[in-house]
Amino acid sequence: MIDFSQPTPVILSEVRQITPTRRELVLNMGPQHPSTHGVLRVRLTLEGETVIACDPVIGYLHRGVEKLGESHRYAQFVPWTDRTDYVAAPSNNLGYVLAVEKLCGIQAPERAQYWRMIMAELTRIASHLVWLGTHALDIGALSVSLYTFRDRERILDIFEKFCGARLTTNMMEIGGFSREIPPDLPEMVREFCRYFPKAIRQYEDLLTENPIWLARTKGVGVIEPDAAINYGLTGACLRGSGVNYDVRKAMPYLLYDRVEFEVPLGTHGDVYDRYLVRIEEMRQSLRIIEQCLEQVPTDGPLMAYESPYVIPPHKTVMTTAEDMQRHFIWVIKGFSPPKGEVYHAVEHSKGELGYYIVSDGSPIPYRVRIRTPDFVNLQSLPYMAQGAMLADIVALIGSIDIVLGSVDR
């Protein structure tokens, strides 16, 4: 029998009497809150509207992607990498195929490496546009999201022209690209490069000196350089605190050592600085893309077909028995890389994305582990939230730029 003389327990919140003049409220924000950008639960301890403690709770979207990588052949796992950070799918593809190529001793042709860089930088811009639109929407700036998603469509059109897909592209392949570059694709990319600087200035006109935006972002969520390093932050979360670390500079991959670009840095480490860093990163990505378009060979191979670990060319599969048999084995059984372990990192739009692979010599990886940047960056939320206002939490989450598919991989 229920004793109605006793107070009803509070399910979603809890009030604790601390002192005669102080009370703390424990409140759940999420896991279905629209500003958490996915199924993230944030358990807040409040005194009034001031955050005393913050506990991010993940696990509501866990899909076991790493274990799926340990039960599929190497080439089969590429589409699964799309679905970790689905906002920046080609960058996930790139990190994985570079790790497999490192394991197998493969180097993609120069032309393919340039186009990988172009697609990776377009992906960085597209990811930042989703971040900027949703971040501004959380804080109350509706118009910005309409402009950023409008411009992101231009990038998705380029992806669709290149590989036929827009969101989960399965674009990168082990050894390079088996598809030829569409003849009108370079001009589509050049047209975007001519158009986009004006769009960036439009975003800045709306936000950079907007008094409401400044009030919601300046001095909010400050992360000192030492704290950013100790938390293992990377990407804009680290560079916003003034720490100069970019995988493209520190450990160059592809042909990033042939292009010139700057690493934007913040000075205060607050939400506003992280905004400025990502805005400038989009400009630098345009700069890289333009250099790649100037340097990329107009013809030449796109796939390292000389490697036994690479799928044979379609034309010879249809005409020679040797390549037909090799193609049959490659598709049905997969290739067997050398035994060993590798780690390869790329500069993802959210920070350092690394893939760790252990091979036992079979066609299926023995171990696959992914170092996703937003998973690591999320641990800074309790540090930033300490002493912040309740209304600041959505700004703090937005400034980290998380995708829960990548956090709960």
Would K333 count as a cation-pi partner of F328, with NZ or CZ less than 6.0 Å from the six-membered ring centre and within 45° of the ring normal?
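Checked: cation-pi criterion not met.
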Taking the six-membered ring of F375 as reference, does the NZ or CZ atom of R409 fall below 6.0 Å from its centre and within a 45° cone about the axis?
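Flagged: R409 positioned over aromatic ring of F375.
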For the [atom1] atom of [X] and the [atom2] atom of [Y], what is their distance to the nearest 0.5 Å?
X    : Y    : atom1 : atom2 : result
T134 : L129 : OG1   : CG    : 10.5 Å
L207 : L132 : CG    : CG    : 6.0 Å
Y60  : T36  : OH    : OG1   : 11.0 Å
I402 : L40  : CD1   : CG    : 5.0 Å
M303 : I311 : CE    : CD1   : 7.5 Å
Q291 : L255 : CD    : CG    : 12.0 Å

Using a strict cut-off of less than 4.0 Å between a Lys/Arg side-chain nitrogen and an Asp/Glu carboxylate oxygen, indicate whether [X] and [Y] qualify as a salt bridge.
X    : Y    : result
D408 : R63  : no
R283 : E280 : yes
E180 : R111 : yes
E352 : R248 : no
K161 : E187 : no
R369 : E70  : yes
E101 : R116 : yes
E191 : R194 : yes

Going by distance alone, is a donor N or O of one side chain under 3.5 Å from an acceptor N or O of the other, for [X] and [Y]?
X    : Y    : value
D138 : H37  : yes
Y383 : E224 : yes
T208 : Y275 : yes
E173 : S178 : yes
E121 : Y256 : yes
S399 : R274 : yes
D151 : Y195 : yes
N244 : R239 : no

When you compare the side chain of [Y] with that of [X], does any pair of heavy atoms fall below 4.5 Å?
X    : Y    : result
V358 : P365 : no
F159 : L122 : yes
E66  : I370 : yes
I139 : T217 : yes
L167 : L156 : no
D374 : V407 : yes
V346 : L254 : no
K350 : S127 : yes

Which is it for Y74 and I364 under the side chain to side chain contact (heavy atoms under 4.5 Å, CB included) test, yes or no, and what are the steps along the way?
CA-CA 6 Å; Y74 285 88; I364 296 175; 5.9 Å; no
Tell me if a side-chain donor or acceptor on [X] pairs with a main-chain N or O of [Y] at a distance below 3.5 Å.
X    : Y    : result
R190 : L185 : no
E281 : P264 : no
R73  : V331 : yes
D392 : A385 : no
N92  : D85  : yes
T372 : S406 : yes
N93  : M171 : yes
D82  : N170 : yes
R278 : A236 : no
S307 : Y309 : yes

What is the minimum heavy-atom distance between [X] and [Y], and which atoms define it?
X    : Y    : answer
T148 : G133 : OG1-CA, 3.3 Å
P109 : L302 : CG-C, 3.8 Å
P90  : T169 : CG-OG1, 3.5 Å
L265 : G242 : CD1-O, 4.1 Å
A108 : A112 : CB-CB, 4.3 Å
G175 : V310 : CA-CG2, 4.0 Å

Report, as yes or no, whether the 6.0 Å neighbourhood of atom [atom1] on [X] holds more than 12 heavy atoms from other residues, nucleotides or ligands.
X    : atom1 : answer
I212 : CD1   : no
E153 : CD    : yes
W80  : CH2   : no
K249 : NZ    : yes
H268 : NE2   : no
Y366 : OH    : no
E209 : CD    : no

Parallel, tilted or perpendicular: which fits the ring planes of Y96 and F77, with parallel below 30° and perpendicular above 60°?
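Ring orientation, 0 to 90° scale: perpendicular.
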Where do S380 and I400 land on the side chain to side chain contact (heavy atoms under 4.5 Å, CB included) test, with the steps shown first?
CA-CA 9 Å; S380 66; I400 301 173; 4.3 Å; yes
In sequence, state the C-alpha distance, the side-chain angles, and the governing distance for Y245 and V263, and then conclude on side chain to side chain contact (heavy atoms under 4.5 Å, CB included).
CA-CA 8 Å; Y245 176 75; V263 178; over 6 Å; no
Given Y356, which partner from the list R367, H344, E341 fulfils the side chain to side chain donor-acceptor pair (under 3.5 Å) test?
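Answer after filtering R367, H344, E341: E341.
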I would like to know whether I174 and I106 meet side chain to side chain contact (heavy atoms under 4.5 Å, CB included); could you show each step before the answer?
CA-CA 8 Å; I174 298 169; I106 304 171; 4.1 Å; yes
